[in-house]
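Single-structure report; data block below.
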Amino acid sequence: MTRVLSGIKPTGHLTLGNYLGALRRWVEVDQHRSEALFCIVDLHALTVDHDPARVRRLTRRAATLLLAAGLDPERCTVFVQSHVDEHTRLSYLLECVATDGEMRRMIQYKEKAARERQRGRSVRLSLLTYPVLMAADILAYGADEVPVGDDQTQHVELARDLAVRFNQRYGHTFVVPRATRPKVAARVMNLQEPTSKMGKSDDSGPGIVHLLDEPETVRKKIMRAVTDSGRDVVHDREKRPGITNLLEILAACTGGDPKELCGAYASYGALKKDTAEAVVEVLKPLQARHRELCADPSYVDAVLRAGAERARRTARPTVDAAYRAIGLLPA
Ligand code: AQP
């Protein structure tokens, strides 16, 4: 059976981008057709300036939202990365296989390091090495597939390279994973700045739809989305990024084709209205389930505890094998 692993970082409140780019596929496809593991990658949230209490809060909230969206602990393993030591154990070994040049070429590193500097903060070493920890997240579990949005494909490529290199040098140890992307909405853009990704750690509120936004807030944000000059509704990422973003969101929410949807709209206003309603409908059941789960935090704790145990059992043999293969004396 194919094994799938993916994660989400508790650096902010989950967004429509996280949902359409990743979470929805985990729920609708991956947990049904594969042996699937999903984690809240809390260690990755420490790579930029952070507030400890907030990270804890966001970790719990992300876990609750994953379950509210429909991940079923009977079908898949849901856990918190820092509860399973195998991730950091393996990460060090992979740091001994990765190169400094590889790390510095990572687009997310360049962008996030620039943002930290702009804010007058120093850049944490872990921001540079974070893709290696992400490779460890994936390789420890022998994942065949990693369902991610567009922005994470470069990191999955790195995990592939490290797996191949390790296997060539030290003998076959790791499965070589591959990224899978959604057909539409692989990169949901910020509604106010449609040439930038809708990211959860950005502060520009009106451009970001959060999964727990009230329906009225969702409507307002989408109705006020920045559109392009011109009047006709066309799908063109380069020339019409604002309208194309709305078409992608609407198509992802309704199961349509963004290019075919163009013909159905004579004005930007009508497209915005339908997009807003489609998003509200998609979020409604998730928000209702989230309210129920919040009333029973012990259930979420129990799911995470059981998930971590199962994850540990799955990862340990591979990580132990990597320790032996690289030349470390067994304890
Ligand atoms: N805008 C997006 N469109 C499509 N997919 C997206 N993902 C994130 N944003 C979009 C996908 O969601 C999964 C979890 O993302 P993450 O938590 O690892 O963080 P990220 O990719 O770095 O995205 P964020 O939300 O923008 O976080 P910050 O702002 O902290 O960097 C991934 O599969 C991702 O591709």
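FYI, side chains are in, hydrogens and waters are out, and symmetry mates aren't considered; it's all heavy atoms of this structure. Each ligand, and each atom within it, is numbered from 1 in the order the structure gives.
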Number the atoms of ligand 1 from 1 as they appear, then name those within less than 4.0 Å of a heavy atom of Ala186, with their elements. 3 (N), 4 (C), 5 (N)
Check this for me - ligand 1, [X], N or O atoms closer than 3.5 angstrom, yes or no?
{"X": "Tyr130", "answer": "no"}
{"X": "Gly7", "answer": "no"}
{"X": "Ser6", "answer": "no"}
{"X": "Thr11", "answer": "yes"}

Salt bridge check, Glu248 against Arg237: does any charged N sit closer than 4.0 Å to a carboxylate O? yes
Cationic N near anionic O, under 4.0 Å, Lys284 to Glu281: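 Looking at Lys284 and Glu281, the cut-off is met.
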[atom]: which protein heavy atom is closest, and how many Å away?
{"atom": "atom 1 (N) of ligand 1", "answer": "Val188 O, 2.8 Å"}
{"atom": "atom 31 (O) of ligand 1", "answer": "Lys112 NZ, 2.4 Å"}
{"atom": "atom 18 (O) of ligand 1", "answer": "Gln152 NE2, 3.7 Å"}
{"atom": "atom 24 (P) of ligand 1", "answer": "Lys197 NZ, 3.5 Å"}
{"atom": "atom 34 (C) of ligand 1", "answer": "Asp151 OD1, 3.4 Å"}
{"atom": "atom 6 (C) of ligand 1", "answer": "Gly17 O, 3.3 Å"}
{"atom": "atom 13 (C) of ligand 1", "answer": "Ala22 CB, 3.7 Å"}

Closest to [atom] (judged by heavy-atom distance), picking from [options]:
{"atom": "atom 25 (O) of ligand 1", "options": "Met134, His44, Lys200", "answer": "Lys200"}
{"atom": "atom 7 (N) of ligand 1", "options": "Thr153, Asn18, Val148", "answer": "Asn18"}
{"atom": "atom 33 (O) of ligand 1", "options": "Ala252, Ala185, Gly149", "answer": "Gly149"}

Is the number of heavy atoms from other residues, nucleotides or ligands under 6.0 Å of Arg169 CZ greater than 12?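 It does: Arg169 CZ has more than 12 such atoms within range.
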Below 30° counts as parallel, above 60° as perpendicular, anything between as tilted: where do the rings of Tyr141 and His87 land? tilted
